[in-house]
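Worksheet: one structure, shown below.
Here is the naming used below: chain letters follow the sequence lines, and residue numbers restart at 1 for every chain.
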Amino acid sequence: MNLDVIISYIPLYIEAFFLTVKIGWLGIFLALAIGLAVAFVIHFKIPFLSGISIVYIELFRNTPLLVQLFFIYFGLPKVGFTISAETCGYVGLGLLGGSYMAEAFRSGFESVPKSQTESALALGLSRKQLFWSVILPQAISQSVPGILANVIFLLKETSVFSAISLMDLMFTAKDLIGLYYDTKEALFLLVVFYIVMLLPVSIIGSFIEKKARFRTLGV
Amino acid sequence: MKKNYLKRILASALTLALGVVTLTGCGSASAKESPAEQTSSEASAQEQSDSKVYRTLDEIKESGEINIGVFSDKNPFGYVDENGEYQGYDVYFANKLGEDLGVKINFVSTEAASRVEYLETGKVDIVLANFTVTEERAEKVDFALPYMNVALGVVSPKDKVIKDLSEIKADDQVIVISGTTAETYLEKNYPDIKLQKFDTYATAKTSFENGTGVAWANDNTEVIAYAIENPGYEVGIPSLGSQDTIAPAVSKGNSTLLDWINSEIESLGKENFFHADYEATLIDTYGKDYEETLVVEGGKVADSSATEASSEASTATSSEAATDASSAE
């Protein structure tokens with residue numbers, strides 16, 4: 001392992017790290033928004049929209065991210081929509097993630113016992129109050145483990161971005177190997193940077209999970 | 001539930017500790033490498049190269065199969081046709097090598113950036129994927145005699161032809177393929193030009209058609225073929241950088257296979273094999289005009305500007321090649 005090579009590569013990896021993190025988190029926030037909306041629509045059986053939502057979930061959960069990115073990045077321009085690689089990256093990630101997040105939120109909604117709804121209505125809460133103050137907090141705290149697993153999964157999925165020319169960590173490593181053939185150094189840094197990106201997420205995630213669990217127990 | 005949680009914290013703490021140990025361990029070892037350690041690591045590197053990754057000529061013959069790395073998406077040099085068969089200039093040559101060795105060929109599809117890796121790890125015996133000979137690459141793999149000439153070229157849409165790299169504006173992107181000589185050349189000599197990098201030919205071409213880049217830089221053979229097949233495009237810069245050659249490559253140190261390929265290329269020169277190859281695979285794309293520019297026969301690069309006599313004297317890569325060539329004439 002050549003230390004000089006590693007040092008000279010670090011700035012490139014830092015650049016790739018920030019790009020990966022930026023696109024990753026934009027995608028994740030989009031996924032959370034889509035997921036929550038879709039889960040809401042399905043759980044409360046909103047006519048018409050719930051049908052579309054189910055099709056959406058099945059479509060995006062059962063196709064690889066790479067296929068979705070190819071479709072968005074190379075397919076859409078053929079029918080007149082050209083979007084930049086970066087936008088394509090987080091939109092693709094958001095759409096894929098949305099379908100997984102929707103399932104996580106949905107299981108959360110389903111875990112709230114019916115008696116909660118009945119009690120709330122019996123106490124005279126409005127539908128709005130019922131949703132925001134009774135169902136949503138409990139549903140979210142139940143879905144936290146699933147959401148966190150999805151967050152880590154989505155951050156790792158960024159490694160296929162090389163296909164649409166985004167210089168993420170994976171592509172930077174591949175590219176440097178192709179340019180200078182210092183395989184060991186490039187791969188070493190790749191692992192280091194992925195750990196630096198994901199380990200804090202895991203740790204903070206465990207902490208949030210603990211908080212969420214107390215909340216379910218009502219402590 | 002509480003216990004479960006403690007376990008989780010413990011697990012993540014352990015993971016963290018392990019990670020830190022691994023990282024600092026590696027870092028400090030390479031940072032403080034003393035001369036003594038260096039020699040020992042050199043010694044172990046020596047040992048590693050003794051336990052070779054490649055297969056010798058005899059081992060290949062014995063196994064009855066040879067693994068050849070080719071492109072699967074670089075028409076007309078190496079591609080898969082509509083019947084699922086590998087075709088192209090490189091593949092035509094590969095088939096001849098397999099035939100003369102008397103072994104079955106396993107074609108392995110490679111990406112530009114992974115060609116060196118495939119040889120270094122012994123995943124293929126030969127790379128015949130339009131592999132341009134460069135100094136950096138020659139440090140990692142062994143090149144045989146060349147069989148084709150190449151330079152870089154830049155193709156751009158007809159309505160906005162780029163005839164000089166200085167015409168490229170600061171916001172414009174130039175498409176390149178990761179791991180190609182075009183990428184290396186532009187990174188080195190034009191660091192200000194923004195490159196949009198793709199890992200396969202197929203994605204680069206599609207993206208170029210979609211208009212994400214103002215130009216596409218690659219081997220000139222490739223961009224010329226592209227402009228011929230796609231009427232809306234023109235090769236504004238037909239030759240960029242140095243004139244290079246394309247040659248088969250084998251794993252570093254695999255001398256038995258290398259020697260065999262070299263003698264094969266020399267003897268094939270006598271039957272004008274590569275001209276036949278050109279006429280079988282490239283003529284539909286390039287026509288007759290490029291034949292003498294592109295083809296290198298018998299491993300002997302002819303200097304196009306010099307006379308026949310002087311080129312014969314100056315370019316023989318080995319004395320053997322020279323005698324072969326002159327006896328052929």
Side-chain angles (χ1 to χ4, degrees), chain A residues 1-7 69-70 73-78 80-85 88 145 160-167 170-189 191-192 195-196 198-200 202-207 209-210 213-214 216-217, chain B residues 1-2 4-6 8-13 15-16 18-20 22-23 26-33 41 111-117 120-121 136-137 139-141 173 175-181 183-184 187-188 195-200 202-207 209-213:
Chain A
M1 200 94 76
N2 185 337
L3 196 66
D4 294 338
V5 172
I6 292 183
I7 289 169
L69 290 178
F70 264 51
Y73 191 70
F74 297 110
L76 287 187
K78 302 281 180 211
F81 295 101
T82 305
I83 56 174
S84 74
C88 172
V160 306
F161 281 168
S162 62
I164 54 167
S165 81
L166 281 174
M167 292 305 283
M170 185 69 210
F171 198 16
T172 302
K174 263 168 85 175
D175 192 48
L176 285 172
I177 292 172
L179 276 171
Y180 307 112
Y181 313 113
D182 294 309
T183 314
K184 273 183 292 200
E185 290 80 0
L187 291 181
F188 170 73
L189 282 172
V191 174
V192 170
I195 291 178
V196 168
L198 288 165
L199 201 57
S202 292
I203 293 169
I204 296 167
S206 320
F207 182 73
E209 240 172 83
K210 174 191 166 193
R213 233 172 251 163
F214 280 143
T216 356
L217 295 174
Chain B
M1 205 170 241
K2 186 128 189 171
N4 221 347
Y5 173 68
L6 278 174
R8 194 180 281 264
I9 279 287
L10 196 65
S12 48
T15 323
L16 179 66
L18 192 70
V20 168
T22 323
L23 302 190
C26 285
S28 61
S30 44
K32 288 189 282 188
E33 212 166 24
S41 74
E111 285 172 5
S114 55
R115 289 175 293 192
V116 168
E117 279 308 285
E120 282 195 321
T121 53
E136 292 93 343
R137 287 171 179 170
E139 281 172 18
K140 303 285 176 179
V141 303
Q173 286 190 313
I175 293 177
V176 293
I177 293 161
S178 174
T180 57
T181 42
E183 183 197 17
T184 318
E187 287 266 3
K188 251 190 212 163
L195 300 179
Q196 193 184 19
K197 300 178 181 182
F198 287 92
D199 46 10
T200 65
T203 49
K205 281 183 192 174
T206 314
S207 197
E209 277 165 25
N210 288 342
T212 57

How many angstroms lie between OG in Ser162(A) and CD in Glu111(B), if you round to the nearest 0.5 Å?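 Between atom OG of Ser162(A) and atom CD of Glu111(B) there are 7.5 Å.
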
When rounded to the nearest 0.5 angstrom, what is the spacing between OG1 in Thr206(B) and CZ in Phe70(A)?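 The CZ atom of Phe70(A) is 8.0 Å from OG1 of Thr206(B), to the nearest 0.5 Å.
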
Most chain A-contacting option - heavy-atom pairs closer than 4.5 Å, from Glu136(B), Glu120(B), Arg115(B), Lys140(B):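 If we count pairs closer than 4.5 Å to chain A, Lys140(B) comes out on top.
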
Quick one: what part of Thr212(B) sits under 4.5 Å from any heavy atom of chain A, side chain, backbone, both or neither?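 Only the side chain of Thr212(B) comes within 4.5 Å of chain A.
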
Closest heavy-atom contact between [X] and [Y]?
X	Y	value
Gln196(B)	Ser165(A)	NE2-OG, 3.1 Å
Tyr181(A)	Val116(B)	CE2-CG2, 3.1 Å
Gly179(B)	Asp175(A)	N-OD1, 4.2 Å
Ile164(A)	Phe198(B)	C-CE2, 4.0 Å

For Phe171(A), is it the side chain, the backbone, both or neither that has a heavy atom under 4.5 Å from a heavy atom of chain B?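 The side chain, not the backbone.
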
